[in-house]
Amino acid sequence: MDSGAVQPIDAGAVLRSRYRSRLPARLDDLAGPTSGTVDLPLHVVWSGRRSFGLEHPKARMGLYRTVLAEGQREDVARYLNKDLLTAEWPVLRRLISRHIREVWEEAFPELAWSRPVRDRVGSRTSRAAERKC
């Protein structure tokens, strides 16, 4: 076997590692606002919409999607709220990448169990199928 052979990079593993490094220690660390307008800094949103009104469901989902995908650990704790995240998770989990969803649901099983019952039936089969997507 050639020891100099280049090994393929597992992009999914790299992404999961990146998202895992941004997780809070506990969901209770998510102390973001529950109302008002949130203006994200440029290091989180470098183009496009930066201001999100939490009273508007689409805007709230946009904020959460953006912070989950682009925010650092401090941003996650500052801009996300535990109660809003858990309440929105059944819908939000379908709007974020598979890698983000897997990392958050592995770290916080209560999120995985907040999704609708029909999604939990045969969860091993469903998760295996989702990973193939």
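- With hydrogens and angles disregarded, no donor-acceptor distance shorter than 3.5 Å links the side chain of Ser17 to the backbone of Ala13.
- Contact between Val76 and Gly71 at its shortest, heavy atoms only, is CG2-O, 4.3 Å.
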Leu68 and Leu92: side chain to side chain contact (heavy atoms under 4.5 Å, CB included), yes or no, with the steps?
CA-CA 10 Å; Leu68 288 168; Leu92 183 61; 3.8 Å; yes
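- Taking CD from Glu110 and CG from Leu27, the interatomic distance works out to 4.5 Å, rounded to the nearest 0.5 Å.
- Considering only heavy atoms from C-beta on, Tyr79 comes within 4.5 Å of Pro41 through its side chain.
- With values rounded to the nearest 0.5 angstrom, Arg16 atom CZ is found 12.0 Å from Ile100 atom CD1.
- Ion pairing between Arg50 and Asp39 fails under the 4.0 Å rule for side-chain N and carboxylate O.
- Closest heavy-atom contact between Trp46 and Glu70: CH2-OE1, 3.1 Å.
- Arg49 contributes a side-chain N or O that, together with a main-chain N or O of Ser51, makes up a donor-acceptor pair within less than 3.5 Å.
- Between Tyr64 and Leu85 the shortest side-chain heavy-atom distance falls below 4.5 Å.
- Under the side chain to side chain contact (heavy atoms under 4.5 Å, CB included) test applied with Val45, the options Leu63, Thr66, Val67 reduce to a single match, Thr66.
- Counting non-hydrogen atoms of neighbouring residues, nucleotides and ligands closer than 6.0 angstrom, the CZ atom of Arg78 reaches no more than 12 such neighbours.
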Check the pair Trp89, Glu105 against side-chain hydrogen bond (donor to acceptor under 3.5 Å, both in side chains), reporting the backbone distance first and the verdict last.
CA-CA 10 Å; Trp89 191 257; Glu105 289 183 353; 2.8 Å; yes
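- In this structure, the side chains of Ser97 and Leu15 stay at 4.5 Å or more apart for every pair of heavy atoms.
- Of the possible donor and acceptor atoms, none in the side chain of Arg20 sits under 3.5 Å from a partner among the backbone N and O of Val103.
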Please determine whether side chain to side chain contact (heavy atoms under 4.5 Å, CB included) holds for the pair Thr34 and Leu54, giving the CA-CA distance in whole Å, both sets of side-chain angles, and the decisive distance to 0.1 Å.
CA-CA 7 Å; Thr34 59; Leu54 293 175; 5.6 Å; no
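- In terms of heavy-atom proximity, Phe108 sits nearest to Ala25 at CE2-O, 4.1 Å.
- The main-chain N or O of Arg93 is found under 3.5 Å from a side-chain atom of Arg101 such that the two form a donor-acceptor pair.
- With hydrogens and angles ignored, the 3.5 Å screen pairs no side-chain donor or acceptor of Tyr19 with any backbone N or O of Glu102.
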Side chain to side chain contact (heavy atoms under 4.5 Å, CB included) evaluation trace for Asn81 with Leu30
CA-CA 5 Å; Asn81 177 277; Leu30 303 179; 5.6 Å; no
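- Proximity of a side-chain donor or acceptor of Glu55 to a complementary backbone N or O of Gly36 within less than 3.5 Å is detected.
- Of the possible polar contacts, none joining the Arg60 side chain to the Gly53 backbone as a donor-acceptor pair under 3.5 Å is found.
- Atom CG in Leu111 sits 12.0 Å away from atom CD in Glu106 (nearest 0.5 Å).
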